[in-house]
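So that the names make sense, note that chain A is the first sequence line, chain B the second, and so on, each numbered from 1.
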Amino acid sequence: MPAHPVELRGVSTRFGQTWVHRRIDLAVPAGEVVALVGGSGTGKTTLLRQMVGLLQPAEGEVRLFGEPLASGSRADQLARRRRFGMLFQQGALFSALNVFANVAFPLREFGIRDEGMLRDLVLLKLAMVELGPEVALRMPAELSGGMVKRVALARALALEPELLLLDEPTAGLDPDRSAGFVRLIRALHKALGLTVILVTHDLDTLAALATRVAVLSEGRILAFGPLEEIMRVQDPFIERFFHGERSQAALARGREQG
Amino acid sequence: MRVCLAGDWTLRFLGPRLDALQGHLRGVGGGAGWDLSGVSRLDSFGAMLLWRHWGRRRPEGLVLPAELEGVFGRLAELGEARLEARAPYRWLDGTAQVGRGVFGFGRHVVQFVALVGQLCLDLVYLLRYRGHWPLLEISANFYKVGVQAMPVIALVGFLIGVVLSYLSALQLQLFGADVFIVNILGFGIIRELGPVLVAVLVAGRSGSAMTAQIGVMRVTEEIDALTTMGISRYVRLVLPKVVALTLAMPLVTLWGSSMALFGGMVSANLQLGLSFDFFLNALPRAVPAVNLLIGLSKGVVFGLLIALVACHFGLRVRPNTESLSANTTASVVSSITVVILVDAVFAIATRSIGLPR
């Protein structure tokens, strides 16, 4: 695997007349868990969507696994897309398919036809996200919010990705569930050696998961490094975000989990 | 026999060569010793492939590097996990299916009647509290289903008029009965074709939009949000649509019929040489005015039914895409069917009114 699975070079984003990002450079080292944080409307999710090619930056270049996302033949692009998995904020499960078919979908698309193998793989993926075979035949509409996220994670992991992108992985989960989900992602990160990029508002999650933090503010990356380093940076935004009373308590809770 | 594995045992690498590989694996009998120390990378796909080949247990004499223990540990934990078996099809299931269909239809009828009843109660309520009429929504819906539908209805109506007139003219010329084109077009379009044609167009255009809108509002919990604010979904969502379409349909029908007659008139002028002047003078003499009334009242009834059916199906949508598409389809199909059924009822009920003897 290349040293930097995701590299942003001079990425600028514009919505209408407002510039959301201004020449952002960011190289995510392999095997790290990188958290993107920033205030509301600083374009964290936008940046994540640009990494996976759902949005095109106005200027600059996104490189995945050392190459631009849209380079090479169609087959090359498809192969590149299969090297990462994304967990959407609302799960984005296919609501017409049951849990089993949702997780099996990328595997079937990949070309695995053997139904026995498919069944074992899907059940393994579900077991990896701590779901039993009894949920496999349920429809997404019959699942709780936490289960939807787990199934979505199982689907994102179906093709053994090297890179996992998580958009607000713990938003909408109660503290207990959210701690469980964080433990799950940590365990998977350790077991599979993934590179993880996550966008989060939740400082508990941040402190428990991230090995590095990138702070987005006023359209640029304010700081990028381990949490301890970030905490020492002198900046009004970081001051407000990390050093408030509530933030300190959340970070302490997260470190306990970590 | 001793099998030594080396290299990448990952989905990305094995996927394209899966068939050949499984052939090789089948060639390895049981009782072979396995050595995985040469494996550089192993993901759960590769592990699963081997695990299944080994019959879900570790073979004897397995040489497994420590860093691969985790993967096989997970597989061993999984054990013999099975999907719940689905009950096989039995010959009585077909009967049960029919029964479910009948009960399903019964539920539709009950829910539809409940919807109509609820709207009647809301109307009584609104008669007492005049200030609560959702006038803004009614006006917005009227614009959407009436005004914005005018171009497409004009185009379709005009072309149907042209075609009808042209085909009739060919036949009438044979008998030298050219002037009767006015009677054929007048009766056919004003009384029958205009209302039904417009109803089909409106069911496809506005009925589906209504179902989809209410359905999506259910999916995104907007209807629940309205309820918690103490706002009745029937007063705020269903009633404006029903009232607007009921009011708009006769006008749209008038517009559609006029355009169809205009198309017929143009075609008659070109084909038979009937002047516009003659056509317009002969029309009221050939077609009694009560036919227009019948056509417009059909418009009112069709509008009411299309809106009711659309809202009925919209409120049945469950929060998933499949249900949304199924209900939208059902909404359009049902409203067109209902329109044609009711049109037949109209034809029987009005058989002695406004027709030449």
Side-chain angles (χ1 to χ4, degrees), chain A residues 1 65 75 79-80 82-83 90 92-101 104 106-107 109-128 130-143 148 154 157-162 187-188 190-194, chain B residues 8-19 21-22 25-26 40-56 67-87 215-216 218-221 317-326:
Chain A
M1 198 188 331
F65 309 107
R80 197 172 301 125
R82 282 177 172 157
R83 292 173 70 178
Q90 310 291 340
L93 294 180
F94 302 126
S95 59
L97 303 179
N98 65 19
V99 167
F100 181 89
L107 291 165
E109 288 294 305
F110 187 81
I112 296 171
R113 295 275 171 267
D114 180 355
E115 283 297 319
M117 182 78 185
L118 208 57
R119 192 193 64 226
D120 284 349
L121 279 172
V122 170
L123 290 178
L124 173 66
K125 299 293 162 186
L126 286 177
M128 278 161 84
E130 296 166 7
L131 288 173
E134 67 280 355
V135 297
L137 296 181
R138 284 207 223 161
M139 299 303 285
E142 301 162 5
L143 301 177
V148 166
L157 292 173
L159 290 183
E160 315 283 346
E162 299 157 51
L188 289 173
K190 207 177 279 173
L192 307 176
L194 302 169
Chain B
D8 273 11
W9 282 71
T10 60
L11 175 65
R12 198 151 300 110
F13 192 74
L14 299 180
R17 306 163 180 79
L18 195 58
D19 291 334
L21 193 76
Q22 275 181 329
L25 276 179
R26 269 192 291 275
S40 50
R41 293 184 65 205
L42 177 80
D43 63 10
S44 47
F45 177 80
M48 181 63 88
L49 202 64
L50 295 172
W51 191 249
R52 282 169 60 85
H53 179 73
W54 295 339
R56 296 172 195 277
E67 67 268 19
L68 297 183
E69 283 289 344
V71 185
F72 286 102
R74 275 202 300 277
L75 287 174
E77 269 174 44
L78 185 64
E80 281 281 319
R82 294 237 161 270
L83 286 176
E84 294 165 41
R86 249 171 267 187
V216 170
R218 266 188 71 93
V219 174
T220 55
E221 296 183 320
V317 171
R318 281 189 302 279
N320 61 69
T321 47
E322 192 76 346
S323 166
L324 185 64
S325 77

Novice: If you round to the nearest 0.5 Å, how far is CG of L14(B) from CG of D43(B)?
Specialist: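 CG of L14(B) is found 7.5 Å from CG of D43(B).
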
Novice: Where on M128(A) is there a heavy atom nearer than 4.5 Å to chain B: the side chain, the backbone, both, or neither?
Specialist: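 Contact with chain B involves the side chain of M128(A) alone.
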
Novice: Given a strict heavy-atom distance threshold of 4.5 Å, which part of L49(B) is in contact with chain A: side chain, backbone, both, or neither?
Specialist: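 Both backbone and side chain of L49(B) come within 4.5 Å of chain A.
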
Novice: Is it the side chain or the backbone of R82(A) that comes within 4.5 Å of chain B heavy atoms, both, or neither?
Specialist: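 For R82(A), the contact with chain B is made by the backbone alone.
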
Novice: Is the backbone of D120(A) close enough, under 3.5 Å, to the side chain of R52(B) for a donor and an acceptor to pair up by distance?
Specialist: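 No, because the side chain of R52(B) does not come within donor-acceptor range (under 3.5 Å) of the backbone of D120(A).
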
Novice: Side chain of D8(B), backbone of T10(B): donor and acceptor closer than 3.5 Å?
Specialist: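 No, D8(B) side chain to T10(B) backbone: no donor-acceptor pair under 3.5 Å.
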
Novice: Side chain, backbone, both or neither: which part of L159(A) has a heavy atom under 4.5 Å from chain B?
Specialist: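 Its backbone and side chain both get close to chain B.
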
Novice: Is L137(A) close to chain B through its backbone or its side chain, or both, or neither, when contacts mean heavy atoms under 4.5 Å?
Specialist: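 Answer is side chain: those atoms of L137(A) sit under 4.5 Å from chain B.
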
Novice: For the backbone of F45(B) and the side chain of E160(A), can you confirm whether one donor and one acceptor N or O come within less than 3.5 Å of each other?
Specialist: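 Checked: pair present.
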
Novice: Identify, with sequence neighbours excluded, every residue that meets side chain to side chain donor-acceptor pair (under 3.5 Å) alongside T220(B).
Specialist: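 With sequence neighbours excluded, T220(B) shows a side chain to side chain donor-acceptor pair (under 3.5 Å) to E222(B), given in chain and number order.
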
Novice: Pick one of side chain, backbone, both or neither for F94(A), based on which atoms fall under 4.5 Å of a heavy atom in chain B.
Specialist: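 It is neither, since no heavy atom gets under 4.5 Å.
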
